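Both counts, for ligands and for their atoms, begin at 1 and track the order of listing. Keep in mind that this is a model prediction, so the values were computed, not measured.
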Amino acid sequence: MSVKSENIRNIALTGHGGCGKTTLTEGILYASGVINRFGRIEDGNTVSDYHKDEIEKMMSINSTLTHTHWKDSKGNDIKINIIDTPGFMDFVGEVRAALYVADTAVIMVDAFKGIEVGTESSFMMTNEFENNVIFLINKLDTENANYEHTVNLIKESFGSRVAVVQFPVNEGSGFDAVIDVLKMKMLRFKDDGKGEYTEEDIPEQLLAKAKEFHQNFVECIAEEDEELLNKFFEEGANLSDKEIEFGLLKGMRERKLFPVFCISASRNIGTRDVLDFISNYTESPMDKPAEIGRRPNSQDPIEIPPKLDADPAIFIFKTVSEKNIGELSFFRVYSGKVTPGLDLINEANGKSERLSQLYAMNGKDRKEMNEVVCGDIAGVVKLKDTHTNNTLSSKNYPVVLPEINFPKPNMTMAIVARNKGDEDKIATSLHSLHEEDPTFIIHYNTETSQTLISGQGEIHLNTVLNRMKNKYSLEVDVTDPKIPYRETIKSSVHDSEFKHKKQSGGRGQFGHVHLKIEPVERGKGFEFVNAIVGGVVPGRFIPAVEKGLIEVLNSGVLIGCKVIDVRVTLFDGSYHNVDSDEISFKIAAAQAFKKGFKEANPVILEPIYDVEVVFPEEFMGAVSGDISSRRGRIHGMDVFGKLQKITCQMPLSEMNDYSTKLRSLTQGRGYYDRNFSHYEEVPKEVEMKIIADYEKQRAEVS
Ligand SMILES: Nc1nc2c(ncn2[C@@H]2O[C@H](COP(=O)(O)OP(=O)(O)O)[C@@H](O)[C@H]2O)c(=O)[nH]1
Ligand SMILES: [Mg+2]
């Protein structure tokens, strides 16, 4: 039997790495009877972290889709889709995709570590994706857990209407009871790992505190609505269940009210109560306003209503390629419903796709579905030409949903096949790795002849390369990307002459030119002026002269990098009736240019980037010191709340390890964005080193 759209809840578990998301997923599946063994991270047997690399590293790398069923207070069968996301910053693309399709974000916070960078970034993303937010304070069974302090930190960071629904009775190793201030009961948990509990009256000594928290909670809700607020102040904390539900839903939808729960994921304490709350009080896909997409090949907005009887539209938010099945795509139905065998159009390429088997997912386990209704999330195999970020819709009502904005890469490495001959296979596998993970980017730099891979950080890139090794048995060596330096000159040479003359039996070679070489304004590029008068270099050889110059400009004079911003004037020369040909003039021009260039005060230019670095103010000294040590120039500083932003410029050659370094300097909280600005002369001592390195390399090659 199919689930009803209004009974679906789509949640994403987010938060800093290690706060317990994967363990909670396991706990939920165990408590709700989906699995009959409570897997552990330490044993590498959880439903959610089932990939080889996740088991090895004992951390989530991919988002994993699972689901369960739960009864709400009216006895409805609620289907809860749970996406467990990785917490480590390098995999933020996975979190963004999950939040895109989730209605509610469940942000988990470690009761000892408090607000970490993953907590902050999750919350920031929920702003962007307009998710409802629930906070779970986890690990309350640990010795150093501090609930009250953690609640205060959450309030400080995310606003006064962080509303406590529960507080622990006995946090620490004996943790087994919480006070629920919505139910006004004490929940005492059994030690069975299934999360079973009994409801008891709140003990006398905790009653006053419970009442105060209840009062606060109801006030938070009442603030949603003037009428409720009046009632609250006139009649005290007595709002009806209906009023509470109304205020809660409204407050969460408007992202003003953030309920807080307390749990221990590994002992499954509190899980059931959280599932009750999710079932009873969070939005279903049908409560959401219509998505605004666009018509294909146009920017005209179009509504995609959450309606079961509308034309189908689904959005692919993730693709994985699994052994034995091939590509598995995860999607959410935004309108209508889909069934196996249905033909839809992918508006990104205009191609038709037939949906084959549809699956309800629990980690690597799949169960066939007869239909997937509006609002539901499921998997489909073997789509031919459809990838992450594509919309599939019907011919009758073609639509395109907005794409997930994946983060720009902030780290790049160059790779070389370890085994000669693997190049083509590597290119193919890189392509499919990108299809699986859009934050992993491949680029071939024709200028430096390097294959470059870019991503969110060292761990991200190493993970992808490791996947390539495991899956395709292909290995690469990693090097630093070459910097695309430029060469130019600072002064003019008025006459650089070269006569190319060869007489070796048969027809000889003869080309002879005089060049004037001058610097031009930065960015002007290359200018060629033909100032020959009286045909001393015949017109038919002029293109060869220019060609010879362009070849040197491309291959460089000092260090094999492009020459830019020069004007070359061909003003004199001579030719030979029989021996002169195009090759001879090409050679003469190239040689005259090289000679003149070296005399014209040549310099090396390096790419300079505009960089914005954002980090908590307490790391100001470390971050700014590091920028200076990278020959950076700070142009400005701004403060937003507790965050500091430095605007600066840095040479690209000094930024290779910047993302790793910035994270280590700021306990993972700093991030940066960069854009190419301009080329600038490198300091003399750096130039000497670049030239020496280049010559050493050349000597090695030859
Ligand atoms: N004591 C205790 N440990 C927990 C709890 N939840 C998770 N852990 C442990 O914390 C570590 C990280 O958990 P994991 O679920 O992988 O966190 P994730 O990175 O957020 O998915 C693992 O060693 C878990 O066993 C909890 O409630 N109490
Ligand atoms: Mg995890």
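Legend: protein N/O/S atoms lying under 2.8 Å from the Mg ion (ligand 2), waters omitted, number 2.
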Assess whether side chain to side chain donor-acceptor pair (under 3.5 Å) is satisfied between Thr14 and Thr85, documenting all intermediate values.
-> CA-CA 6 Å; Thr14 69; Thr85 68; 5.4 Å; no
Output, in order, the C-alpha distance, side-chain angles, deciding distance and verdict of side chain to side chain donor-acceptor pair (under 3.5 Å) for Thr660 and Glu458.
-> CA-CA 7 Å; Thr660 314; Glu458 220 170 323; 3.2 Å; yes
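Contact of the Lys57 side chain with the Phe88 side chain is not registered, since no non-hydrogen atoms from C-beta on lie closer than 4.5 Å.
Annotation for Leu328 and Phe330: closest pair CD2-CZ, 4.0 Å, computed over non-hydrogen atoms. Taking every heavy atom of both residues into account, Arg674 and Lys408 meet most closely at O-NZ, 3.4 Å.
A donor-acceptor contact under 3.5 angstrom links the side chains of Asn81 and Asp376, judged on distance only. In summary, the side chains of Ser432 and Lys471 do not present any donor paired with an acceptor at a separation below 3.5 Å, with no hydrogens or angles considered.
Phe158 and Phe258 have their aromatic ring centers separated by at least 6.0 angstrom. Between Tyr100 and Phe317, the ring centre distance reaches or exceeds 6.0 Å.
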Give every pair made of an N or O atom of ligand 1 and a protein N or O atom lying under 3.5 Å apart, one pair per line with both atom names and the distance to 0.1 Å, or write 'none'.
{"from": "ligand 1", "atom 1": "1 (N)", "to": "Asp141", "atom 2": "OD2", "distance (Å)": "3.0"}
{"from": "ligand 1", "atom 1": "6 (N)", "to": "Asn138", "atom 2": "ND2", "distance (Å)": "3.2"}
{"from": "ligand 1", "atom 1": "10 (O)", "to": "Lys139", "atom 2": "NZ", "distance (Å)": "3.1"}
{"from": "ligand 1", "atom 1": "15 (O)", "to": "Thr22", "atom 2": "N", "distance (Å)": "3.4"}
{"from": "ligand 1", "atom 1": "15 (O)", "to": "Thr23", "atom 2": "N", "distance (Å)": "2.8"}
{"from": "ligand 1", "atom 1": "15 (O)", "to": "Thr23", "atom 2": "OG1", "distance (Å)": "2.6"}
{"from": "ligand 1", "atom 1": "17 (O)", "to": "Gly20", "atom 2": "N", "distance (Å)": "3.0"}
{"from": "ligand 1", "atom 1": "19 (O)", "to": "Gly18", "atom 2": "N", "distance (Å)": "2.6"}
{"from": "ligand 1", "atom 1": "20 (O)", "to": "Cys19", "atom 2": "N", "distance (Å)": "3.2"}
{"from": "ligand 1", "atom 1": "20 (O)", "to": "Gly20", "atom 2": "N", "distance (Å)": "2.8"}
{"from": "ligand 1", "atom 1": "20 (O)", "to": "Lys21", "atom 2": "N", "distance (Å)": "2.8"}
{"from": "ligand 1", "atom 1": "20 (O)", "to": "Lys21", "atom 2": "NZ", "distance (Å)": "2.7"}
{"from": "ligand 1", "atom 1": "21 (O)", "to": "Lys21", "atom 2": "N", "distance (Å)": "3.4"}
{"from": "ligand 1", "atom 1": "21 (O)", "to": "Thr22", "atom 2": "N", "distance (Å)": "2.9"}
{"from": "ligand 1", "atom 1": "21 (O)", "to": "Thr22", "atom 2": "OG1", "distance (Å)": "2.8"}
{"from": "ligand 1", "atom 1": "23 (O)", "to": "Glu42", "atom 2": "OE2", "distance (Å)": "2.4"}
{"from": "ligand 1", "atom 1": "25 (O)", "to": "Glu42", "atom 2": "OE1", "distance (Å)": "3.4"}
{"from": "ligand 1", "atom 1": "25 (O)", "to": "Glu42", "atom 2": "OE2", "distance (Å)": "3.2"}
{"from": "ligand 1", "atom 1": "27 (O)", "to": "Asn138", "atom 2": "OD1", "distance (Å)": "3.0"}
{"from": "ligand 1", "atom 1": "27 (O)", "to": "Ser264", "atom 2": "OG", "distance (Å)": "3.3"}
{"from": "ligand 1", "atom 1": "27 (O)", "to": "Ala265", "atom 2": "N", "distance (Å)": "2.9"}
{"from": "ligand 1", "atom 1": "27 (O)", "to": "Ser266", "atom 2": "N", "distance (Å)": "3.2"}
{"from": "ligand 1", "atom 1": "27 (O)", "to": "Ser266", "atom 2": "OG", "distance (Å)": "3.4"}
{"from": "ligand 1", "atom 1": "28 (N)", "to": "Asp141", "atom 2": "OD1", "distance (Å)": "2.8"}
{"from": "ligand 1", "atom 1": "28 (N)", "to": "Asp141", "atom 2": "OD2", "distance (Å)": "3.3"}
{"from": "ligand 1", "atom 1": "28 (N)", "to": "Ser266", "atom 2": "OG", "distance (Å)": "2.9"}

